[in-house]
Number of protein chains: 2
Amino acid sequence: MEKLIRLKNILEESRMIGIASSRLMWDQSTEQPKLARGEYSNTLAYLQGKNHSLIINEEVKDIIDSLKDDDSLNPIDKAILRELKEDYDRIEKIPKEDYEEYARIRSLSILAWEEAKEKNDFKLFQPYLEKTIDYKKRFIQHLGIGGHPYNALLGDYEKDITVEDLDKFFNNLKDELIPVIKRIAEKENPTFDFEKKAYDIDKQKVFSRFISGYLGLDYQRAVLKESAHPITYGFSNKDVRITTHYYLNNFLSSIFTTAHETGHALYEQGISDEITFTIVGTGYSMAMHESQSRLYENILARNKNFWIPIYDKLQTLYWDNLKDVSLDDFYKCINKSKPSLIRIDADELTYPFHIIVRYEIEKLIFEDKVKISDLPEIWNEKLYEYLGIKPTGFSDGILQDIHFSQGYFGYFPCYALGNAYASQFAYGISKILNINECLLQGNISKINEYLRENIHKYGKLKTSKEFLKEISGEEFNPKYYIDYLKGKFSSLQ
Amino acid sequence: MEKLIRLKNILEESRMIGIASSRLMWDQSTEQPKLARGEYSNTLAYLQGKNHSLIINEEVKDIIDSLKDDDSLNPIDKAILRELKEDYDRIEKIPKEDYEEYARIRSLSILAWEEAKEKNDFKLFQPYLEKTIDYKKRFIQHLGIGGHPYNALLGDYEKDITVEDLDKFFNNLKDELIPVIKRIAEKENPTFDFEKKAYDIDKQKVFSRFISGYLGLDYQRAVLKESAHPITYGFSNKDVRITTHYYLNNFLSSIFTTAHETGHALYEQGISDEITFTIVGTGYSMAMHESQSRLYENILARNKNFWIPIYDKLQTLYWDNLKDVSLDDFYKCINKSKPSLIRIDADELTYPFHIIVRYEIEKLIFEDKVKISDLPEIWNEKLYEYLGIKPTGFSDGILQDIHFSQGYFGYFPCYALGNAYASQFAYGISKILNINECLLQGNISKINEYLRENIHKYGKLKTSKEFLKEISGEEFNPKYYIDYLKGKFSSLQ
């Protein structure tokens with residue numbers, strides 16, 4: 001009992017340092033003045049180092065060992081111990097100096113990436129990428145998990161998924177979807193003049209705020225800002241922050257980016273009060289998180305029925321641009337499929353191939369089969385192989401995503417997994433609720449409630465496997481994702 | 001040498017924790033969602049406690065003792081040691097538990113104050129105010145400085161000023177200015193219809209941004225946001241953040257609030273690179289800080305010549321409201337003197353009496369001559385005595401300022417001192433530069449440069465006394481302030 005209290009005090013201290021450090025990162029992405037770039041790298045490294053030494057020490061190790069099999073613990077405490085033990089086993093193996101130095105590099109790396117992307121110059125980023133990868137490789141060595149080296153990285157984002165599982169999943173997608181993409185490519189591409197017109201940024205801000213609220217985001221407990229790469233921070237279920245971005249000639253990007261981050265945010269707002277301040281009080285995994293963002297972005301917000309009650313609002317807001325655009329054309333536009341260069345703007349059908357490119361590159365990196373300087377070219381070749389197009393430079397190729405700069409290797413596959421989970425969850429929900437009916441009635445709260453009660457509130461108290469099983473009645477099965485995409489895109493085109 | 005390095009490492013650690021804690025406070029004032037109120041009180045208390053124990057311990061004490069008289073130190077290190085020793089002597093006397101508990105109360109107190117102000121209900125705030133005062137009284141006891149108990153509080157904001165000095169200063173103001181205020185009150189008050197018209201908030205934001213930039217704020221190193229009580233945070237000379245507020249029917253408030261905070265921000269942006277990350281790398285004292293904010297707000301931005309080059313810009317922005325308003329009328333309006341309830345909206349002439357009310361109340365509190373529940377009434381009576389008006393409730397009376405909630409007792413007098421310093425500095429500058437000429441030419445950078453080179457860059461390397469002496473040629477002399485006010489307001493009215 002005394003040990004449990006001591007452990008909770010330590011975890012609370014760690015949570016507070018974590019809050020400080022993630023608040024600084026949030027600030028770095030959304031607000032800090034231009035010339036203050038890099039000024040907080042040391043502070044972040046320091047706080048993260050503090051947190052590391054707070055958790056990784058003999059005392060905590062002993063407490064975990066003595067409590068981990070204690071059957072008298074309540075289910076939440078058991079989950080905390082299980083989670084901690086797993087994290088501990090991973091983190092403990094990494095020396096504190098490596099951890100601190102890695103944090104420092106990471107915080108410089110993001111700045112280098114931003115500049116490299118802005119200047120379309122891979123060379124500016126390459127040394128940071130190389131260092132980041134070196135550290136990741138050292139971490140894999142330290143972890144000593146065995147099997148394919150990439151498996152150790154996957155574990156950070158979705159447990160129990162291996163390179164073997166992913167190879168199978170992605171081959172399945174290639175077999176089933178490449179023919180569909182080819183078939184669409186053979187047809188004439190519909191064009192929608194309204195899409196790339198100028199849309200006032202202030203109005204885009206108003207609509208982003210509206211649509212996130214319409215989807216259920218509670219602004220008494222949320223903040224919406226802007227950043228280069230859209231992101232969600234869940235500080236607690238009462239303080240969830242999202243960003244989006246606004247482009248004058250691409251108003252759809254802000255709408256669907258906002259819907260996407262709203263899905264993440266609803267997950268974090270839905271965590272139950274009992275666990276919100278604990279280490280199990282957050283989304284179960286990156287793949288689970290992505291399942292929620294994709295469910296809101298694609299399955300709901302790209303559904304025609306979603307727009308029926310609100311399309312006139314959008315039309316009125318941008319009357320000059322949209323007065324002659326029918327809902328039907330709008331719907332076709334937001335679901336047109338065409339190979340494109342930027343992952344986050346890709347349509348649902350071609351999206352997984354952006355992931356496959358990244359996955360295959362990351363595998364090559366950690367199999368030591370590639371020189372970092374060759375990556376941009378490999379990227380371009382792979383994209384050409386799957387989607388028949390090539391980036392014009394680095395910024396719309398290998399530099400487009402923040403992930404490499406943050407050392408998030410093993411993260412990308414979770415986006416595709418999240419999409420597949422989302423379809424499987426939607427299949428499960430539709431056994432209870434008529435999703436189209438809810439959307440038509442503007443009654444999204446029913447869907448939100450279902451997800452909150454069956455997924456969100458649990459945080460890490462249940463696993464992806466359990467959620468999938470309970471909601472759909474079966475194990476992970478990509479069939480629902482493939483069926484969803486084939487059904488939607490064959491009826492659309 | 002080894003000791004100095006060790007000390008610098010400790011100070012750097014303390015700076016980083018300070019950054020984290022003040023970033024959370026900044027966030028609390030400007031951004032956090034409504035329902036997250038109070039969620040970071042413990043984190044702030046924890047970080048502030050950490051910082052306390054980092055500095056207040058035997059090791060640091062020994063280092064300070066062994067270095068404080070070391071003549072081989074360079075001037076910056078000497079100043080750091082001197083500053084640290086002074087802070088140390090004060091803080092060391094306060095037990096860590098008191099310090100932590102006080103920080104926790106303070107962070108709850110600000111929330112209680114916000115709610116009390118919103119609901120116009122002093123009772124909601126009273127218990128927090130009482131606790132805050134209790135802690136302050138304990139701190140005074142711990143400090144054991146002797147003399148009037150209020151002297152110990154003054155020391156936090158301006159050293160070497162005592163109750164005796166302030167009594168003299170304020171009596172001087174009363175003698176000289178009350179007759180002027182009475183004389184103006186006897187005349188008919190000019191009214192300016194345009195003043196309280198509706199001014200679009202988005203346009204106010206645009207103009208705030210413009211005017212702060214026009215005054216010299218470098219937005220590559222600054223952020224402008226909103227908060228209930230306007231404030232400036234200087235994280236370093238490359239990251240200075242200010243807030244203002246916007247009222248639909250009071251556009252002048254946002255203009256002069258922004259000019260005021262810009263003055264503070266220019267001080268912090270002007271700190272030299274050599275000292276920006278050290279404890280001497282910030283404005284010398286609150287009174288010095290206020291001298292800069294008041295110089296920009298009043299002596300520059302309320303000067304007619306300031307508006308001559310830019311009034312058409314303002315007029316064009318708000319054409320419907322200002323098209324028939326002459327610059328002359330605008331100038332008279334921004335300088336009209338009329339007793340009013342809210343300190344931060346008070347005109348220059350009546351302003352010091354808002355301070356005198358607060359000063360006299362604070363003295364009563366710390367002389368133990370008053371019950372906290374009686375304060376609202378005493379406030380109202382004093383305001384009536386000096387300015388002939390009474391608040392309608394608590395929100396426009398005793399609850400109007402954030403200071404009591406933050407335990408900033410002894411702070412208010414520095415506002416009046418700052419005003420007086422500002423006039424004395426302006427007198428000094430005018431021996432070198434023609435201020436009116438600079439304003440007419442829109443050449444404010446000359447004034448900025450003078451202030452940066454003669455005040456800002458030094459941070460805490462020089463004292464108020466030294467700045468006053470070097471710039472004006474004499475000790476602090478309220479004459480310049482009184483002359484400025486009497487001159488301005490007798491020619492205006």
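Naming convention: chains lettered A, B, ... in sequence-line order (proteins, then strands); numbering from 1 in each chain. Just so we're clear, the structure is a prediction, and the values are computed from it rather than from any experiment. Just so you know, these numbers use all the heavy atoms, side chains as well, and skip hydrogens, waters and symmetry mates.
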Quiz item: By a 4.5 Å heavy-atom criterion (distance strictly below it), what part of B:Leu44 contacts chain A: side chain, backbone, both, or neither?
Solution: neither

Quiz prompt | Distance-minimising heavy-atom pair for A:Ala222 and B:Pro33 | solution = N-CB, 3.5 Å

So which N and O atoms of chain A and chain B form donor-acceptor pairs under 3.5 Å?
residue, atom, partner, partner atom, Å
A:Glu13, OE2, B:Tyr46, OH, 2.7
A:Arg23, NH1, B:Asp27, OD1, 2.7
A:Arg23, NH2, B:Tyr40, OH, 2.9
A:Trp26, NE1, B:Glu31, OE2, 2.6
A:Asp27, OD1, B:Arg23, NH1, 2.8
A:Asp27, OD1, B:Arg241, NH1, 3.4
A:Asp27, OD1, B:Arg241, NH2, 2.8
A:Asp27, OD2, B:Arg241, NH1, 2.6
A:Glu31, OE1, B:Lys225, NZ, 2.8
A:Glu31, OE2, B:Trp26, NE1, 2.6
A:Glu31, OE2, B:Arg241, NH1, 3.1
A:Lys34, N, B:Gln220, O, 3.3
A:Leu35, N, B:Gln220, O, 2.8
A:Glu39, OE1, B:Ser236, OG, 3.3
A:Glu39, OE2, B:Ser236, OG, 2.4
A:Tyr40, OH, B:Arg23, NH2, 2.9
A:Tyr40, OH, B:Asp239, OD2, 2.6
A:Tyr46, OH, B:Glu13, OE2, 2.7
A:Gln220, O, B:Lys34, N, 3.3
A:Gln220, O, B:Leu35, N, 2.8
A:Lys225, NZ, B:Glu31, OE1, 2.8
A:Ser236, OG, B:Glu39, OE1, 3.2
A:Ser236, OG, B:Glu39, OE2, 2.4
A:Asp239, OD2, B:Tyr40, OH, 2.6
A:Arg241, NH1, B:Asp27, OD1, 3.4
A:Arg241, NH1, B:Asp27, OD2, 2.6
A:Arg241, NH1, B:Glu31, OE2, 3.1
A:Arg241, NH2, B:Asp27, OD1, 2.8

Quiz item: Once you round to the nearest 0.5 Å, how far does CG of A:Leu24 lie from CG of B:Leu24?
Solution: 7.5 Å

